[in-house]
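Step one of this worksheet: look at the structure below.
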Amino acid sequence: MSIIKNIKALVCLCTILIVSSVSLFAQQTITKFAVVDTARVYQAFYNNSKTVRDYEDKKKEAEAEIEKVTKELQTLHNRKLAADRSGDRESSQNLQMQITQKANYLSEYTATKNAELESLKRSMQNNDTFYKKLMDVLKSVAEGEGYSMVLSLTNDNSILWYSDTVDITDKVIKQLGLTVK
């Protein structure tokens, strides 16, 4: 009987060790995820950036010029219609030339300004200094909160749902010294 008791005790002990090992292994392999909305982080950075304010000023300037020329074109078009109705061919032709010149100017201006603004936007987005700082802060926040992986909500369309408790965006923005909106 003592051998049977020893075998039962040994089996019981092995079972306890196996269950403990599996439990310990499972606890060590649980991965804790976090998400960050990098678009919001970049927006917070750029809202505090002189470069972005300059970009926004140039954009508003271009939009104002486009609106002004568009109104001038509408006025010329209305004047041409009035000349056509009154039978004044010479004025109508003169106004048509002015309309064509303004339309060409507007087209060239718009293309030039759009290219300039796109170039400025690309240079802002490729700011390696900010990117390195962002990666350092992400690492710091993630390690401080016990996350082993951080996913970007902006770049990964495969995230279908997440709990707000794993969103570290505001913490990252604050640690970068930026204003949370």
Side-chain angles (χ1 to χ4, degrees), residues 34-142 150-164 166-181:
V35 295
V36 67
D37 187 343
T38 51
R40 278 189 49 222
V41 175
Y42 283 121
Q43 189 62 43
F45 170 71
Y46 291 127
N47 285 343
N48 293 295
S49 166
K50 181 184 179 335
T51 306
V52 173
R53 287 191 303 275
D54 291 346
Y55 168 82
E56 290 299 326
D57 289 345
K58 286 181 188 255
K59 184 177 175 184
K60 286 177 187 172
E61 206 175 276
E63 288 170 349
E65 176 68 9
I66 290 168
E67 185 177 334
K68 178 185 133 209
V69 174
T70 300
K71 285 180 181 178
E72 290 172 1
L73 274 169
Q74 186 61 46
T75 300
L76 287 171
H77 181 69
N78 290 340
R79 286 178 52 205
K80 182 185 177 311
L81 288 175
D84 287 343
R85 281 192 296 265
S86 70
D88 187 352
R89 273 183 83 108
E90 186 177 326
S91 289
S92 178
Q93 288 174 346
N94 186 23
L95 288 166
Q96 183 58 50
M97 284 186 354
Q98 290 178 40
I99 289 170
T100 302
Q101 288 173 342
K102 281 245 188 253
N104 289 339
Y105 165 77
L106 181 60
S107 179
E108 289 173 22
Y109 179 83
T110 302
T112 301
K113 287 299 176 179
N114 282 340
E116 180 182 329
L117 290 169
E118 187 59 34
S119 174
L120 284 172
K121 190 175 182 180
R122 272 194 309 275
S123 71
M124 287 187 304
Q125 290 172 338
N126 293 330
N127 185 334
D128 288 340
T129 304
F130 176 71
Y131 182 76
K132 183 181 178 338
K133 185 176 180 181
L134 172 61
M135 290 300 114
D136 291 344
V137 167
L138 279 171
K139 179 181 178 188
S140 171
V141 170
V150 178
L151 303 172
S152 171
L153 289 173
T154 307
N155 298 329
D156 190 358
N157 294 330
S158 65
I159 300 172
L160 300 176
W161 180 88
Y162 66 93
S163 168
D164 290 339
V166 299
D167 188 344
I168 61 172
T169 305
D170 289 344
K171 291 175 186 173
V172 169
I173 291 172
K174 284 178 186 174
Q175 200 162 11
L176 284 167
L178 305 172
T179 306
V180 178
K181 290 200 176 188

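The model shown is predicted, which means the values in this text are computed figures rather than measured ones.
In this structure a side-chain-to-backbone donor-acceptor pair under 3.5 Å is missing from S107 to A103. In terms of modelled atom types and a separation under 3.5 Å, the side chain of S140 and the main chain of D136 share no donor-acceptor contact.
Between R89 atom CZ and N94 atom CG the span is 14.0 Å, to the nearest 0.5 Å. I168 contributes atom CD1, which lies 13.0 Å from atom NZ of K174 (distance to the nearest 0.5 angstrom). Distance OG/S92 to CG/L81: 8.5 Å, rounded to 0.5 Å. In this structure, the separation between CG on N114 and OG on S119 is 12.5 Å, given to the nearest 0.5 Å. Atom-to-atom distance recorded for D167:CG and D37:CG is 7.0 Å, nearest 0.5 angstrom. The CD1 atom of I66 lies 12.0 Å from the CG atom of L73; values are rounded to the nearest 0.5 Å.
I99 has its side chain within reach of Q96: a pair of non-hydrogen atoms, C-beta onward, lies under 4.5 Å apart. Residues E72 and K68 are in side-chain contact: their nearest non-hydrogen atoms beyond the backbone lie under 4.5 Å apart. Under the 4.5 Å side-chain criterion, counting only non-hydrogen atoms from C-beta, Q98 is not in contact with K102. You'll find the side chain of Y105 reaches within 4.5 Å of the side chain of V69, heavy atoms only. Contact annotation: the side chain of R79 approaches that of L76 to within less than 4.5 Å [non-hydrogen atoms, C-beta and beyond]. Side-chain contact between R40 and D170: present, with at least one pair of heavy atoms (C-beta onward) separated by less than 4.5 Å.
For Y109 against E61, the heavy-atom pair with the smallest separation is OH-O, 4.1 Å. Scanning both residues, L120 and Y55, for their nearest heavy atoms gives CB-CD1, 3.9 Å. When all heavy atoms of V41 and L178 are compared, the closest pair comes out as O-CD1, 4.1 Å.
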Q: Run the numbers on K113 and E116 for salt bridge (Lys or Arg N to Asp or Glu O under 4.0 Å), then give the verdict.
A: CA-CA 5 Å; K113 287 299 176 179; E116 180 182 329; 3.5 Å; yes
Q: Evaluate the salt bridge (Lys or Arg N to Asp or Glu O under 4.0 Å) criterion for residues K58 and D54: first the C-alpha distance (whole Å), next the side-chain angles of each, then the deciding distance (0.1 Å), finally the verdict.
A: CA-CA 6 Å; K58 286 181 188 255; D54 291 346; over 6 Å; no
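Remark: the D88 side chain and the S86 side chain contain no N/O donor-acceptor pair separated by less than 3.5 Å. A donor-acceptor pair shorter than 3.5 Å can be found between the side chains of Q74 and N78.
Note on E56 versus K60: no salt bridge recorded, every NZ/NE/NH1/NH2 to OD/OE distance being 4.0 Å or above.
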